[in-house]
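Please read the structure below before turning to the comments.
Chain naming here is simple, since letters A, B, ... match the order of the sequence lines and numbering starts at 1 in each.
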Amino acid sequence: MKFETVIGLEVHVELATASKMFCGCSTSFGAAANSQVCPICLGMPGVLPVVNQEAVQLALKTAVAFHCQIAAVCRFARKSYFYPDLPKNYQISQYEEPLATGGWLEISGQRIRIRRIHLEEDAGKLIHPEQDQTYSLIDFNRTGIPLMEIVTEPDLRSPEAAVEFLQRLRQNLRYLRVSDCSMEEGSLRCDANISVRREGQPGLGVKVEVKNLNSFKSVRKALLFEASRQTRLLIEGKPFRQETRLWNENLGITESMRGKEQAHDYRYFPEPDLVPLRFEAGVTASLKTEVVELPQARRERLIKDYGLSSYEAEVLTAEKEVADYFEEAVRYYPQPRMVANWIMGDLAGLLREKKCAINQQPVTAEMLGELARMVHDGKITMTAAKDVLRETFNTGKHPALVVQERNLVQIDDASAVKTVVDQVIAENPKAWADFLAGTDKAIGFLIGQVMRKTRGRANPRKVEELIRGYRHGK
Amino acid sequence: MKQQVKYLAELARIALTEQELAGLEQDLEKILDYVSQLEKIETTGVEPTYHVVPMTNVWRQDKVEASLSTEKALANAPERHGNFFKVPRVI
């Protein structure tokens with residue numbers, strides 16, 4: 001018998017605002033505990049929350065990018081529950097009238113429907129010390145940070161598809177500059193609803209909500225575990241109930257959250273401290289002009305306009321900054337595939353080595369274009385160019401200047417190269433004899449010696465031709 | 001009705017004695033009775049009054065303002081540990 005996994009996601013994204021959702025406290029990550037709190041986000045009596053306009057703007061932009069309907073009127077609601085990370089004992093959220101509904105995001109040619117997008121506030125961070133199990137500690141800096149919740153329809157059919165959706169979602173949100181979506185810093189978090197049914201069965205199986213998914217890897221592992229757990233129960237004919245389970249990363253299993261179920265009665269009611277948000281009929285059209293070209297469209301355009309492979313386009317559009325850099329470099333030196341190779345190869349290597357982003361290092365797109373041009377024009381060799389790139393990356397010196405300072409201009413003069421080749425042959429009689437005797441490997445050594453003597457300024461292909469020519473000549 | 005009062009008390013984290021429970025049960029019954037009169041009014045097509053002020057889109061610019069000092073923020077904490085609020089274990 002075949003089974004089918006059905007998954008829907010609830011994704012929480014911290015919006016990239018400077019201040020919190022309802023007060024002026026900073027949202028910056030990593031500050032000392034309880035240093036970014038005020039009477040409003042601490043839930044003191046008698047205070048009044050005021051909506052951060054930028055947070056609304058970012059959520060609207062997201063809604064438009066994902067083809068959602070923006071509500072004419074939306075309201076905030078109180079979601080009541082008791083937990084120490086929530087000082088007011090309610091969370092300001094949206095319930096019956098969310099900001100937007102009914103959109104989609106495409107993964108691998110399939111549209112995953114988005115049910116709704118709404119705004120709310122984040123809760124504080126709890127720490128449970130290991131050495132003493134009697135108490136917990138609270139840092140309220142995160143309390144009140146604008147949170148956007150994106151809920152999908154149950155359209156995903158495998159843990160892999162769920163991860164792909166999350167990665168695409170993250171990529172899009174980063175393009176939109178709506179959030180930095182850092183899973184390590186908790187600015188992108190995800191809960192998953194998962195059920196299993198017999199293939200072809202109408203309706204859905206019993207649904208389990210899985211929480212505590214802190215990385216793409218844990219999303220995949222937790223959903224794989226949960227799908228096989230449910231499938232086994234179905235095969236064995238053991239009934240199970242709808243519940244919330246926590247992913248235990250250390251044990252690699254999901255665990256029932258027994259005893260915490262009763263609090264699911266949230267008694268939502270309209271937030272009396274906030275008036276509704278009303279959006280003009282033309283809001284979608286005017287926001288469309290603010291939505292940048294998104295990854296999928298950009299991938300397709302890079303393939304079409306620059307003749308890139310789909311792999312190259314995928315790598316170059318992973319981050320907006322890289323795609324921007326590529327297109328700018330191509331403007332300086334219109335050989336797209338060569339520029340792509342430089343970015344994906346040596347520059348990417350340097351970025352990984354120094355752990356920095358492409359817009360946080362000194363090699364400008366113009367410099368990279370110039371470097372590629374110098375290689376193409378035969379001014380410097382590829383070997384020299386790699387060194388030049390490293391020096392520019394480390395010092396910020398323009399490649400043209402590095403080439404000049406270090407005298408790296410390729411030796412064009414055939415007789416000059418020949419002189420060095422002769423010298424190398426004379427100095428390495430054994431390698432030369434090996435080569436003449438038919439050990440082809442030996443030529444690599446000889447070429448290497450020539451390159452060393454010329455500090456990379458000879459064209460290795462020409463050197464090889466010259467050496468081989470000698471053999472034939474003799 | 002008694003079950004409902006118990007449930008509500010639990011949700012609101014209020015501990016009630018049997019005596020209080022009985023009293024509240026009666027009170028709640030009266031309140032619901034009173035409110036149920038309103039249900040007789042024909043409200044089809046009438047928009048619910050979420051707010052008495054006819055305002056929309058009240059918002060602020062995204063500007064960081066001064067927060068409380070950590071000392072002030074923690075002044076009313078039942079217990080503290082360094083710069084953290086300290087509470088009984090909740091996991």
Side-chain angles (χ1 to χ4, degrees), chain A residues 17-20 22-28 31-39 41-42 44 50-57 73 75 80-85 87 89 124 126-129 132-141 146 262-263 265 267 270-272 274-279, chain B residues 1 3-16 24 28 31-32 35 38-39 43 45-91:
Chain A
T17 57
S19 67
K20 291 188 179 180
F22 301 115
C23 64
C25 288
S26 167
T27 58
S28 67
N34 293 302
S35 62
Q36 295 170 355
V37 293
C38 75
C41 55
L42 284 175
M44 303 280 185
V50 186
V51 172
N52 182 337
Q53 186 173 13
E54 178 66 9
V56 176
Q57 205 58 25
V73 178
R75 282 173 227 281
S80 315
Y81 65 98
F82 287 85
Y83 206 60
D85 62 2
N89 294 332
L126 285 168
I127 296 163
H128 311 289
D132 185 340
Q133 309 267 327
T134 63
Y135 65 88
S136 298
L137 300 173
I138 321 167
D139 174 5
F140 286 118
N141 284 351
Q262 52 141 14
D265 187 346
R267 291 151 294 148
E271 168 58 81
L274 293 167
V275 295
L277 302 179
R278 190 181 292 280
F279 304 116
Chain B
M1 183 56 76
Q3 279 311 312
Q4 213 168 349
V5 177
K6 264 191 171 167
Y7 177 65
L8 283 174
E10 203 178 296
L11 284 178
R13 301 290 192 277
I14 300 169
L16 296 176
L24 280 169
L28 196 66
I31 292 165
L32 288 178
V35 173
L38 294 175
E39 289 184 347
T43 56
V46 178
E47 205 193 329
T49 306
Y50 294 104
H51 281 278
V52 288
V53 287
M55 293 166 83
T56 56
N57 301 359
V58 176
W59 40 41
R60 38 174 274 276
Q61 296 304 304
D62 182 26
K63 280 219 183 76
V64 174
E65 280 153 39
S67 295
L68 288 178
S69 69
T70 305
E71 284 315 305
K72 264 194 169 165
L74 287 161
N76 294 320
E79 261 192 281
R80 67 182 281 185
H81 179 100
N83 286 346
F84 291 92
F85 288 78
K86 185 177 173 185
V87 295
R89 194 71 158 196
V90 285
I91 203 168

Of the non-hydrogen atoms in [X] and [Y], which two are nearest, and what is the gap between them?
{"X": "Arg278(A)", "Y": "Thr56(B)", "value": "NE-CG2, 3.6 Å"}
{"X": "Ile138(A)", "Y": "Phe84(B)", "value": "O-CD2, 3.5 Å"}
{"X": "Arg89(B)", "Y": "Pro129(A)", "value": "NH1-O, 2.9 Å"}
{"X": "Val51(A)", "Y": "Trp59(B)", "value": "O-CB, 3.0 Å"}
{"X": "Pro272(A)", "Y": "His51(B)", "value": "O-CE1, 3.1 Å"}
{"X": "Phe82(A)", "Y": "Leu11(B)", "value": "CE1-O, 3.0 Å"}

Which distance, rounded to the nearest 0.5 Å, do you find between the [atom1] of [X] and the [atom2] of [Y]?
{"X": "Asp132(A)", "Y": "Lys86(B)", "atom1": "CG", "atom2": "NZ", "result": "7.0 Å"}
{"X": "Phe85(B)", "Y": "Leu126(A)", "atom1": "CZ", "atom2": "CG", "result": "12.0 Å"}
{"X": "Leu42(A)", "Y": "Lys72(B)", "atom1": "CG", "atom2": "NZ", "result": "12.5 Å"}
{"X": "Asn57(B)", "Y": "Phe279(A)", "atom1": "CG", "atom2": "CZ", "result": "6.5 Å"}

Between chain A and each of [options], count heavy-atom pairs under 4.5 Å; write down the option with the most.
{"options": "Leu68(B), Asn83(B), Asp62(B), Asn76(B)", "answer": "Asp62(B)"}
{"options": "Glu65(B), Arg60(B), Gln61(B)", "answer": "Arg60(B)"}
{"options": "Val53(B), Val58(B), Val64(B), Val52(B)", "answer": "Val64(B)"}

Chain B: which of [options] shares the most heavy-atom pairs with it under 4.5 Å?
{"options": "Cys41(A), Ala55(A), Pro39(A)", "answer": "Pro39(A)"}
{"options": "Thr27(A), Asp139(A), Asp85(A)", "answer": "Asp139(A)"}
{"options": "Ser28(A), Ala32(A), Cys25(A)", "answer": "Cys25(A)"}
{"options": "Pro84(A), Ala33(A), Cys38(A)", "answer": "Ala33(A)"}
{"options": "Asn89(A), Leu274(A), Val37(A), Asn52(A)", "answer": "Asn52(A)"}

With a 4.5 angstrom heavy-atom cut-off, which part of Lys63(B) approaches chain A: side chain, backbone, both or neither? backbone
With only heavy atoms counted, which part of [X] is less than 4.5 Å from chain B, the side chain, the backbone, both or neither?
{"X": "Ser35(A)", "answer": "both"}
{"X": "Pro276(A)", "answer": "both"}
{"X": "Val56(A)", "answer": "side chain"}
{"X": "Phe22(A)", "answer": "backbone"}
{"X": "Cys23(A)", "answer": "backbone"}
{"X": "Gln57(A)", "answer": "neither"}

What verdict does the side chain to side chain contact (heavy atoms under 4.5 Å, CB included) test give for His128(A) and Val90(B), after you've listed the backbone C-alpha separation in whole Å, the side-chain angles of each residue and the deciding distance to 0.1 Å? CA-CA 8 Å; His128(A) 311 289; Val90(B) 285; 3.8 Å; yes
For the side chain of Thr70(B) and the backbone of Asn34(A), is there at least one donor-acceptor N/O pair under 3.5 Å apart? yes
